[in-house]
Amino acid sequence: MKRVSELHVYNTLTKSKEKFEPLREGQVRMYVCGPTTYNYIHLGNARPIVVFDTVRRYLQYLGYQVTYVQNFTDVDDKIINKAQEEKSEPLALAAKYIDEYFKDADKLNVKRADVHPKVSEHINEIINFVKKLIEKGKAYEIDGDVYFSVRKFDDYGKLSGRSVDDLLAGARIEVDARKKDPLDFALWKKAKDGELSWSSPWGQGRPGWHIECSAMSCKYLGDEFDIHGGGSDLIFPHHENEIAQTESLGEKPMAKYWLHNGFITVNQEKMSKSLGNFFLLRDILAKFDPMVVRFFLLSTHYRSPIDFDDERLQVAQRGLERLRNAYAQLEYGLKNAGSSENGAKLIAATKNAQEQFVQAMNDDFNTALAIAALFDLARDINTYSSEKELDKDALAGAKKVFEDLMGVIGINLAVEQGEKGQILEGLMELIIEIRQTARKNKDFTTADLIRDKLKELGVILEDAPQGTKWKINS
RNA sequence: GGCGACAUAGCCAAGUGGUAAGGCAGAGGCCUGCAAAGCCUUUAUUCCCCGGUUCAAAUCCGGGUGUCGCCUCCA
């Protein structure tokens with residue numbers, strides 16, 4: 001395998017992998033487009049959340065200080081429409097789904113961003129941004145609406161690889177008669193009567209979609225930052241428009257690296273709200289361990305599509321189970337380990353796995369390959385565990401690395417144990433001891449009964465040469 | 001119509017010039033009272049097709065076929 005000793009990332013802007021060098025030494029500023037909160041998130045929404053959380057974790061693993069901003073679009077046509085249907089307040093509706101978003105994201109072990117800005121709390125920043133664009137002659141007002149003049153921004157199309165002429169040629173855009181040019185897009189929308197709105201120099205209204213990300217990323221990260229992420233469907237027009245807005249004012253590249261994840265598909269077709277083929281994350285989490293879902297999402301490179309169905313989740317579940325078994329093997333081994341020369345074997349295997357993992361992640365966050373390194377480590381752990389003598393330091397070292405690397409991909413191995421957990425631990429030791437006595441007496445009927453009944457309760461017993469292990473069936 | 005991506009074993013999936021990772025499923029063996037877990041062996045002479053470049057191509061170039069995406073809200 002190619003050695004990748006430094007992080008390289010694929011930049012949509014240049015359509016190539018580039019060496020990652022942050023603008024400020026040791027610091028990374030990143031902005032990721034978050035959801036429009038008018039519903040529970042679906043699996044397709046979960047992918048960028050998990051992917052960029054993993055990017056962030058890896059950057060931190062490398063020692064960077066990361067500032068991570070993810071917005072919520074809580075002012076939007078879809079929210080307003082849904083609130084009207086439900087006869088509720090748009091902002092209250094959006095707030096509810098923001099709460100629900102966090103419940104889902106927490107389950108997936110997604111770390112909170114440093115800032116989660118909302119449109120509704122940045123209206124002033126947005127208005128000021130629009131004002132400046134008008135002052136610079138990049139935008140114009142017509143009857144309470146404000147539009148951005150696309151042709152006033154020479155680089156328009158540089159991210160999505162289209163020319164202004166291409167866009168016109170393919171125009172499926174319904175031309176708004178009031179716009180000076182069909183390509184122009186709204187920065188500020190005039191409110192209809194009684195609709196959610198704020199006062200502005202152009203009358204009552206609300207922000208267009210794209211302006212929020214320019215205004216909020218500028219506020220928290222400046223007009224020039226390191227990474228901007230999101231789904232591929234945001235490349236055009238959303239990110240293209242963000243660039244036009246921000247760079248019209250700042251005249252510096254808005255973000256150095258533009259990262260975009262591929263889609264989740266169902267029967268090879270994009271999972272999307274408009275196609276109606278989406279699966280809510282919480283419905284999936286009702287059937288599968290959240291860590292399995294996360295593992296599934298990371299088992300393919302982030303830029304490739306992933307086809308979703310239950311069977312594939314089950315495959316991910318078995319794979320993760322394999323890693324968990326190896327980890328349990330380490331914990332179990334540590335209980336009886338002493339000191340042994342043979343530890344060198346495991347130490348070498350651990351070091352190797354860590355290097356493979358880092359090299360994989362350095363190559364544009366190749367989590368699929370990084371996970372392969374974890375499987376290799378799992379096999380080495382399992383093999384080592386069958387040795388007659390085990391070295392405590394080697395096991396502890398492997399455990400630490402295993403936990404750290406799983407932590408980079410955001411999968412928790414260590415089980416949090418509360419008071420009940422300790423009682424459970426004690427109970428299981430007791431039951432296993434009783435069963436062990438039965439087995440010594442060749443009373444296999446009793447031994448099997450205990451094992452079968454426990455299995456019905458969701459507890460799996462495994463008789464290994466070193467003793468009996470137990471785990472809760474996930 | 002314009003722009004772009006992808007096509008690797010039964011399934012999933014890495015690999016962008018040096019002779020096909022890994023996982024799941026399957027087969028055989030070891031271990032075990034049995035089971036589970038685990039370990040070992042095994043499963044693509046070949047990477048959609050046809051040309052070309054090269055000592056060397058899954059990897060680069062040209063053409064073709066197929067699938068998908070963006071161009072409209074979308075992660």
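Note on naming: letters A, B, ... go to the chains in the order of the sequence lines (proteins, then strands), and numbering restarts at 1 for each one.
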ask   = More 5' along RNA chain B: A:Lys469 or A:Arg162, using each one's nearest nucleotide?
value = A:Lys469
note = Result for 5'-nearest mapping on RNA chain B, choosing between A:Asp376 and A:Thr300, is A:Thr300
Counting just side-chain N and O atoms, does [X] come under 4.0 Å of either OP1 or OP2 of [N]?
X	N	result
A:Asn382	B:G38	no
A:Arg312	B:A13	no
A:Arg439	B:C34	no
A:Lys17	B:U16	no
A:Lys270	B:C70	yes
A:Arg322	B:A25	no

Using whole Å, report how far [atom1] of [X] lies from [atom2] of [N].
X	N	atom1	atom2	value
A:Glu321	B:A25	CD	C1'	17 Å
A:Asn352	B:A21	CG	P	16 Å
A:Tyr302	B:A5	OH	P	15 Å
A:Tyr38	B:A75	OH	C1'	11 Å
A:Glu462	B:A35	CD	C1'	10 Å
A:Lys388	B:C31	NZ	P	13 Å
A:Ile306	B:G69	CD1	C1'	15 Å
A:Leu454	B:C34	CG	P	21 Å

Name the nucleic acid region contacted by [X], choosing base, sugar-phosphate or nothing; use a 4.0 angstrom heavy-atom cut-off, strictly under.
X	result
A:Asn366	sugar-phosphate
A:Leu461	base
A:Ser386	nothing
A:Gln268	sugar-phosphate
A:Lys78	sugar-phosphate
A:His301	sugar-phosphate
A:Ile264	base
A:Gly44	base

Across all strands, who's sitting opposite [N] as a Watson-Crick or G-U wobble pair, both distances under 3.5 Å?
N	answer
B:A44	none
B:C70	B:G2
B:G17	none
B:A36	none
B:U59	none
B:U53	none
B:U65	B:A7

Backbone N or O of [Y] within a donor-acceptor pair of the [X] side chain at under 3.5 Å?
X	Y	value
A:Gln70	A:Gly34	no
A:Tyr58	A:Val358	yes
A:Ser304	A:Thr300	no

Determine the interatomic distance between [atom1] on [N] and the same-named atom on [M]; round to the nearest Å.
N	M	atom1	answer
B:G66	B:C60	P	22 Å
B:A37	B:U19	C1'	37 Å
B:A58	B:A7	P	15 Å
B:A25	B:A9	C1'	12 Å
B:C31	B:G26	P	22 Å
B:U43	B:C3	C1'	42 Å
B:G69	B:C73	C1'	16 Å

So which nucleotide from [options] ends up closest to the side chain of [X]?
X	options	answer
A:Ser304	B:A14, B:A75, B:G33	B:A14
A:Asn45	B:A75, B:A37, B:C24	B:A75
A:Arg318	B:A25, B:G23, B:A21	B:A25
A:Ala368	B:A14, B:A36, B:C40	B:A14
A:Arg47	B:C34, B:A75, B:C39	B:A75

ask   = Is the A:Tyr156 ring parallel, tilted or perpendicular to the A:Phe153 ring (thresholds 30°, 60°)?
value = perpendicular
inquiry  = I'd like to check, for A:Phe444, whether its ring lies over the base of B:G33 with centroids under 5.5 Å apart and a plane angle smaller than 30°.
reply    = yes
Side chains of [X] and [Y]: donor-acceptor distance under 3.5 Å anywhere?
X	Y	result
A:Asp165	A:Ser163	no
A:Tyr327	A:Glu403	yes
A:Glu240	A:Ser160	yes

Mark yes or no for a side-chain to base donor-acceptor pair under 3.5 Å between [X] and [N], with no hydrogen or angle criteria applied.
X	N	answer
A:Asp233	B:C73	no
A:Asp448	B:G33	yes
A:Arg451	B:C34	yes

message = If the test is salt bridge (Lys or Arg N to Asp or Glu O under 4.0 Å), which one of A:Asp77, A:Asp145, A:Asp74 qualifies with A:Arg206?
response = A:Asp77
ask   = Within a strict 4.5 Å, meaning less than it, do heavy atoms of the A:Leu7 and A:Phe365 side chains meet?
value = yes
